[in-house]
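Reviewing the structure listed below.
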Amino acid sequence: MCLTNHDTPRCGRAGVTFVLSTPAAAWRLMDRMMKQPTWPKVFAFTGLAVIGLALAYFATALTTGGVTATSLGRDPSGSMVLTGSAVLMAGIAVAAVFGFLAIVQARALQRGRA
């Protein structure tokens, strides 16, 4: 069922205005759209996984700078080391989550084609 303001077979494509009467209807629509695998979603999830890896790589530089600043006495509390460690964990988590989503979507697309 397409939730539009006019009857058209182009449900979900550009140019269709969605009329959602309740937040639950919006949730159902987004849930249905996210469960349909497409190649643009695979590439978007892959891009976000690469961004997560870049964030983790940046965090290593931040942590190294924090270690240096702590040893030189510029950062006696060691807050840069702590920040670098937190950013490293967040980057790895982002890469893992979006990498998993990309693999699941690509696998579903490959199975549907065979």
Side-chain angles (χ1 to χ4, degrees):
M1 180 178 140
C2 183
L3 301 170
T4 62
N5 60 354
H6 56 283
D7 294 329
T8 179
R10 300 177 357 184
C11 180
R13 294 195 179 118
V16 176
T17 305
F18 293 103
V19 178
L20 304 172
S21 57
T22 63
W27 184 262
R28 283 191 305 271
L29 176 68
M30 289 303 297
D31 189 44
R32 188 169 55 242
M33 289 172 67
M34 283 303 296
K35 287 184 179 176
Q36 296 173 351
T38 61
W39 284 111
K41 279 190 222 171
V42 172
F43 295 130
F45 289 148
T46 304
L48 288 170
V50 169
I51 289 172
L53 289 174
L55 181 65
Y57 182 71
F58 163 73
T60 59
L62 183 66
T63 306
T64 304
V67 169
T68 304
T70 303
S71 65
L72 293 176
R74 303 280 181 160
D75 186 20
S77 64
S79 62
M80 278 185 69
V81 176
L82 182 64
T83 303
S85 300
V87 171
L88 179 65
M89 288 189 292
I92 291 172
V94 166
V97 167
F98 287 111
F100 172 76
L101 288 173
I103 289 171
V104 167
Q105 295 270 323
R107 184 171 176 236
L109 284 168
Q110 289 296 323
R111 285 184 172 214
R113 187 168 51 135

Among Asp75, Thr64, Thr70, whose side-chain contact (heavy atoms from CB on, under 4.5 Å) with Val81 holds? Thr70

Minimum-distance pair of heavy atoms, taken over all atoms of Ala49 and Gly99: CB-N, 3.7 Å

Contact summary for Ala102 and Thr46, nearest pair of heavy atoms: CB-OG1, 3.6 Å

Quick one: CH2 on Trp27 to CZ on Arg32, what's the gap to the nearest 0.5 Å? 14.0 Å

Least distance between heavy atoms, Pro37 atom then Ala108 atom: CG-CB, 3.8 Å

Distance in Å, Arg28 CZ paired with Thr22 OG1, rounded so as to fall on 0.5 Å steps: 5.5 Å

Within this structure, what is the CG-CG distance for the pair Leu62 and Leu55, rounded to the nearest 0.5 Å? 10.0 Å

Same cluster or not: Val87 versus Val94, using hydrophobic residues (I, L, V, M, F, W, Y) connected whenever any side-chain heavy atoms lie under 4.5 Å apart? no

Is it the case that one hydrophobic cluster holds both Ile51 and Val97, taking links as side-chain heavy atoms less than 4.5 Å apart, direct or via other members? yes

Nearest non-hydrogen partners of Trp39 and Ala106, listed with the distance: CZ3-CB, 4.2 Å

With the side chain counted from C-beta on, respond yes when Met89 and Ile92 share a heavy-atom pair under 4.5 Å apart, and no when they do not. no

Side chain of Lys41, backbone of Gln36: donor and acceptor closer than 3.5 Å? yes

Where the side chain of Thr63 meets the backbone of Thr60, is there a donor-acceptor pair that is under 3.5 Å apart? no

